[in-house]
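Each ligand, and each atom within it, is numbered from 1 in the order the structure gives. Note that these values count all heavy atoms, side chains included, but never hydrogens, waters or copies made by symmetry.
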Amino acid sequence: MVEIRKPIPIQVAVNKVMNYSRLGNLEKVSLDDCDDRRLAEPIIAKHPIPPFTKSPYDGFALRSADTEQASLHNPVEFEVVEHIGAGIVPTKRVRKGQATRIMTGAQIPEGADCVAMFEICQSYERNGKNYMAIKRTMDKGQNIINKGSEVEMDDILIKAGTYINPGVKALLATFGYSEVTVAKKPVIGVIATGTELLDINEELQPGKIRNSNAYMIASQIKRAGGQVIYFGKLEDEFASSYDTIKNALHKVDMLITTGGVSVGDFDLMPQIYDKLGANVLFNKVAMRPGSVTTVAVREEQLLFGLSGNPSACYVGFELFVRPIIQRLQYSNKPFLKRIDAVLLEDFPKPNPFTRFVRSYLVYENGKVGVRLAGMDKSNVVTSLAYSSGLMVLPGGTRGYKSGAPIEVLLLNEQEGQKDF
Ligand SMILES: Nc1nc2c(c(=O)[nH]1)N[C@H]1C(S)=C(S)[C@@H](COP(=O)(O)OP(=O)(O)OC[C@H]3O[C@@H](n4cnc5c(N)ncnc54)[C@H](O)[C@@H]3O)O[C@H]1N2
Ligand code: MOO
Ligand SMILES: [Mg+2]
């Protein structure tokens, strides 16, 4: 008699895996090389921004009080006492009736409390001296960017765990971080199992298919922030599979296998876990696809036994492996971001188990819509290429009509969420 496995609820399965999550070891990488990583330490302002009071325009810095009498018919004249560009520190105090010719980004000279743009000033020379005249009044503080007006020293600007995007990088550079503290990328082993598998450079043969899962998983690992060691593909043969898997475990932080986790005569993973002495956390989850997803632990090391079916393999990774990798990188929001969307076509299948349907998002008329990315079958590979989300269709429902509100997990979003 074949073993009858009792499926556990998804949330329970997720929690069982997350019990083994931990924060990664730290390393420093150069600012140049920190793209796509996550901060392992917060960015704290090492100085105010801007660090000095400066001009937002090209113009003249002067005392606003001196413009009090200025009007269309009464231009007020100023003697121009200094000329400074950005990067030049003014040396002269601006006194009554004086102005400094100043460029965008230059430090405001002492005495001045506003900047008049070139466009409202008239510049001229008389007897070898520079003057300017203005025909309108200026307010105190007008066109001045005050020191610290953007950020005060010691402000916590970005939290640990934040994905380093170009804007975060700009901030790191602003504060002079030539090196950035990030979590070491977890080293994740990938092994494909199946006698039917061909290498990608092999011609098709009867009864065989090319191994696509290993490449898909490697890509998912990289997208999530991990580093891949690919140990190749294994024939469904116990002794050699056991040896390869056991040896691989010494070289990785965690190991992903694909295939061989169900109840088939050549599904060897259950026996391999057994012989390894690994504790199987679960081997059946109340979900589709990916119900056979198996997770085992051996000496604190996680072994993910993903399904051989491509769509099930993909979903198993995103639900169970990705959050572990995100957490290692200090993310406080390790789970896929879940949003509300409107279903844009009928989905007539009933759902005994919660279903994660490969989908793509459509942004129309101010609403987020969602459509099926292709055939909704566990063994399908084509729909994955179009998937930007996974619709979550709860178990116990009898299909959905176009227009129904639906939750969707976002696959390409860097900011996740706290809970699954
Ligand atoms: N009697 C039962 N049969 C099956 C059950 C069940 O509960 N009772 N579960 C089904 C479900 S659901 C799934 S999902 C699959 C899971 O199968 P395995 O994880 O054991 O995977 P395999 O048997 O090795 O392969 C399944 C399928 O996937 C193809 N495959 C495998 N590896 C790759 C790869 N690297 N790249 C591309 N495709 C791959 C393989 O050729 C098979 O077609 O079991 C059901 N059966
Ligand atoms: O695990 Mo299977 O993918 O449920 O279809
Ligand atoms: Mg099988």
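Using modelled atom types and a 3.5 Å distance limit, the side chains of N279 and Y273 yield no donor-acceptor pair. Remark: the N351 side chain and the T397 side chain contain an N/O donor-acceptor pair separated by less than 3.5 Å. Side-chain polar atoms of E82 and T91 form a donor-acceptor pair below 3.5 angstrom. Between S402 and D346, the side chains place no donor N or O within less than 3.5 Å of an acceptor N or O (distance only, hydrogens not considered).
Legend: residues meeting ring-ring contact (aromatic ring centres under 6.0 Å, His included) with F175, ordered by chain and number and at least two apart, are H47.
Open room surrounds NZ on K333; 12 or fewer heavy atoms of other groups in view lie less than 6.0 Å from it.
The two residues I84 and Q107 come nearest to each other via the heavy atoms CD1-O, 3.3 Å. In terms of heavy-atom proximity, G105 sits nearest to F52 at O-CE1, 3.6 Å. Heavy atoms only, all atoms of each residue included: A61 and I102 are closest at N-CG2, 3.8 Å.
Closer than 4.0 angstrom to ligand 2 by heavy atom are R288, P289, G290, S291, V292, A312, S378, sorted by chain and number. The immediate protein surroundings of ligand 1, defined as residues with any heavy atom under 4.0 Å of it, consist of A192, T193, E196, L197, I209, R210, N211, S212, N213, G259, G260, V261, S262, V263, D267, K284, S291, V292, S307, G308, N309, S378.
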Worked verdict on V315 versus R288 for side chain to side chain contact (heavy atoms under 4.5 Å, CB included): CA-CA 9 Å; V315 169; R288 276 281 151 77; over 6 Å; no

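For the Mg ion (ligand 3), the tally of protein N/O/S atoms lying closer than 2.8 Å stands at 2.
A heavy-atom distance below 4.5 Å is found between the side chains of F335 and M18.
Here CG of N283 is found 9.5 Å from OG of S262. Values are rounded to the nearest 0.5 Å.
With salt bridges taken as basic N to acidic carboxylate O contacts below 4.0 Å, none links D113 and R63.
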